[in-house]
There are 2 protein chains.
Amino acid sequence: MARTAGSDGERTEAAIREAAVDLIARHGYEAVTMRQLAARVGVQSAALYRYFPTKEDLLFILMREHMEALLDARSNVRPSCGDAEERLAAFVENHIAFHIERRAQTHISNMELRSLSPERLTVILKLRSAYEKELRAILREGAESGAFDLDDIGLTAMAIIQMITGVIVWFRPDERLSVEGVTRTYLSMTMRLVGASTNRETHHVHAGTRLRA
Amino acid sequence: MARTAGSDGERTEAAIREAAVDLIARHGYEAVTMRQLAARVGVQSAALYRYFPTKEDLLFILMREHMEALLDARSNVRPSCGDAEERLAAFVENHIAFHIERRAQTHISNMELRSLSPERLTVILKLRSAYEKELRAILREGAESGAFDLDDIGLTAMAIIQMITGVIVWFRPDERLSVEGVTRTYLSMTMRLVGASTNRETHHVHAGTRLRA
DNA sequence: GAATTAATTGAGCGTACGTTTTATTAATTC
DNA sequence: GAATTAATAAAACGTACGCTCAATTAATTC
C-alpha cells in the first residue's frame, strides 16, 4: 500500500511529536526506537523520516522548542516590573505553572542533554542560561536594594532552580495537593530562601494550612 | 588466547565497576554497550559475563550499593543527637559531602531508574524513601519543638533534597568555590528554608563573604 | 608435576536497530 | 480528467547489540 485515505502531513507530524514526547519522557531517548514511535503514531517507521531527518533531529527539535517556549512564557509575564520580590514571585509562579503543564518536555530537556551532538548541546545550554540569567538579575536587584539577604547570587539561583524544577519529579496534580497549593508553598519557601523581608507576614496568612504530611 | 598472565578476578571486577560507573554516568545506561565497557577495562566483552550475569544486573548492583552506602554514611553520622537544627545541619553536610564525592554514582541512581525492572525499581525506591524519611523526621521534630517554622513537612523535605542534591549538577570542586564554601552556603539556605531561628546569627558570621557572583 | 580451578579469548548466534530505496496510492492542481 | 504533488507502505541494507559457547591458558592445589 501507499498513501492512506485521509492522511495529512500536519496532523501526522503533530502526532509524531506528541508520541515522541511521551515515549522519550517515559523510557528515555536511547530506549525508544523509531519502530516503537511509528507504531504509537499508527504508521510505518519509514514515514517518520519524511518529517524528521534523523532520530537525533527529532530530539533536538523537541528540546529547542521547549526551551524557546519557556523563554516566551517568561517574556509574557516579565513586563510587570515591580520590586524584586514581586518579580521573583512572578518568576517562580510562571516557572512552576509552565513545568507542571509540560512535565514530559521538561523531563526530556533535563535528562537527554547527553544524547545531543556538541553543537546542538551548546544551543540548548545557551537557551537555558539565558533563562537562568533572568533569575540572577532579579536576585542581584533584590540583594542591592536590600529586599533580599543572600550569600551568593549564583548559588542561590541554582538552588532555587533545582528546588522549583524538582516539583515535576514527584508532584501529580490529582492528589491531596492542588497546583495552587504547591505553588504557594514553593513561593513561600523561595522567599525565605532569599531572606525576603515580607517573609513572616506572608507566612501567617495561611498559618491554618500548615504542617501537613 | 585465554587466561592472561597476572589476571585476577577481584581486580577485574573492581575495574569493571569503576569503568561502568564512569561510562554510564557520562553517556547513560542505554547508550553504553558491553563492548565499549569491556574495551575500557581492557578485556573482551565475554569476560564481563563472568562477573555480572546481564547488563541490567550490573546497573542494579551499582545502584543498590550506592543507596546502601548512602544509608550507611547517614548511620555513622546520626548518633550525634542534638536538637533538630543540629541534626538537620548534620544531615545536609553529610548529604552534600557524600554526593560530591560520588557524583557519578549519584547521577546514575537519579537518572537510570527507568532502566530497572519493576521489582528492582521497587528495591531502589524503598532504600531512597528510607533515607528521605529521616529528613522528614528531623523536620517534624523541629516543627513540633518550634525550632522550625514550615508549611508542609513533605514538600519541604522534597524541596531540600532537590536543592542539596542539585549541587552535583553544576558544581566542580576545583573552581572558585571550595566544597566547604558551597556546603556552608547550602546549609545557610536550608536553615532559612525551614525558618530556623538561629538564621540571622549564622548569617552575620560570614557576612564578609557575601554577594559573590 | 599432574589434576584442578580461575580467568579469559575468539568466534558467532539471533535479533533489533536507524535508515534508505522504491513503489504505490490519495489529494490537489490546471 | 490528466498531470503533479503529498503521504505513505513494504522491503531491505548494513551494522551493532546483548549474550553464549567452546577452547585455551594461568594459577593453584595436592
Side-chain angles (χ1 to χ4, degrees), chain A residues 1-24 26-63 108 112 114-117 119-120, chain B residues 1-24 26-63 108 112 114-117 119-120:
Chain A
M1 264 178 281
R3 179 168 190 170
T4 56
S7 62
D8 175 347
E10 276 189 41
R11 276 212 310 273
T12 303
E13 180 174 344
I16 294 171
R17 285 168 190 261
E18 198 179 333
V21 166
D22 183 64
L23 286 175
I24 295 174
R26 203 186 301 279
H27 307 292
Y29 169 76
E30 295 277 1
V32 173
T33 72
M34 296 302 267
R35 285 173 175 83
Q36 186 184 357
L37 174 57
R40 174 74 80 92
V41 177
V43 97
Q44 288 298 317
S45 62
L48 303 175
Y49 289 86
R50 181 179 173 79
Y51 304 96
F52 302 96
T54 70
K55 192 186 177 191
E56 198 208 313
D57 280 296
L58 172 57
L59 174 66
F60 175 64
I61 288 168
L62 293 178
M63 291 178 80
I108 293 172
E112 309 296 350
R114 60 189 165 199
S115 293
L116 295 175
S117 69
E119 307 84 41
R120 289 175 159 177
Chain B
M1 264 177 283
R3 179 167 191 172
T4 56
S7 62
D8 175 347
E10 275 189 42
R11 275 213 311 273
T12 303
E13 180 174 343
I16 293 171
R17 284 168 188 261
E18 197 179 335
V21 166
D22 183 64
L23 286 174
I24 296 175
R26 204 186 301 279
H27 307 293
Y29 169 76
E30 296 277 0
V32 173
T33 72
M34 296 302 268
R35 285 173 175 85
Q36 185 184 357
L37 174 57
R40 175 73 80 91
V41 177
V43 98
Q44 288 298 316
S45 63
L48 303 176
Y49 290 86
R50 180 178 173 80
Y51 304 96
F52 304 96
T54 69
K55 192 186 176 190
E56 198 208 314
D57 281 296
L58 172 56
L59 175 65
F60 175 65
I61 289 168
L62 294 178
M63 291 178 79
I108 294 172
E112 310 296 350
R114 60 189 165 199
S115 293
L116 294 175
S117 69
E119 307 82 44
R120 289 175 158 176

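Fair warning: this is a prediction, and the values are worked out from it, not measured in the lab. To find a chain, count down the sequence lines: A is the first, B the second, and so on, and within it residues start at 1. What's counted below: heavy atoms across the whole structure, side chains too, no hydrogens, waters or symmetry copies.
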Rounded distance in Å - [atom1] ([X]) to [atom2] ([N]):
| X | N | atom1 | atom2 | result |
| --- | --- | --- | --- | --- |
| A:R35 | C:dG18 | CZ | P | 7 Å |
| B:D8 | C:dT8 | CG | C1' | 13 Å |
| B:M34 | C:dA11 | CE | P | 20 Å |
| B:R50 | C:dA6 | CZ | P | 7 Å |
| B:L48 | D:dT20 | CG | P | 12 Å |
| B:F52 | D:dC19 | CZ | C1' | 16 Å |
| A:E30 | D:dC17 | CD | C1' | 12 Å |
| B:R11 | D:dA26 | CZ | P | 16 Å |

Contact class for [X] vs. all strands (heavy atom < 4.0 Å): base, sugar-phosphate, or nothing?
| X | value |
| --- | --- |
| B:S45 | base |
| B:V41 | nothing |
| A:Y51 | sugar-phosphate |

(message) Within the 3.5 Å criterion, strictly below it, is a donor on A:S117 or A:E119 matched to an acceptor on the partner's side chain?
(response)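 A pair is found: one side chain offers a donor N or O, the other an acceptor, under 3.5 Å apart.
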[X] side-chain proximity, nearest of [options]:
| X | options | result |
| --- | --- | --- |
| B:T33 | C:dT8, C:dT19, D:dC17 | D:dC17 |
| A:T12 | D:dT24, D:dC19, D:dT8 | D:dT8 |
| B:Q44 | C:dT8, D:dT8, C:dG10 | C:dG10 |
| A:A46 | D:dG18, D:dA9, C:dT9 | D:dA9 |

Please give the nucleotide sitting opposite [N] as a Watson-Crick or G-U wobble pair, both distances under 3.5 Å, or none.
| N | answer |
| --- | --- |
| C:dA6 | D:dT25 |
| D:dG14 | C:dC17 |
| C:dC30 | D:dG1 |

(message) Using 0.5 Å steps for rounding, measure from the CG atom of A:L62 to the CG atom of A:L58.
(response) 4.5 Å
(request) Please indicate whether A:E56 has more than 12 foreign heavy atoms, meaning atoms of other residues, nucleotides or ligands, lying under 6.0 Å from its CD. (result)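 Above 12, so yes.
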(message) Heavy-atom count check: over 12 atoms from other residues, nucleotides or ligands less than 6.0 Å from B:Q36 CD?
(response)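 Correct, the count exceeds 12.
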(message) Keeping A:E30 on the side-chain end and B:E30 on the backbone end, is there a donor-acceptor pair under 3.5 Å?
(response) no
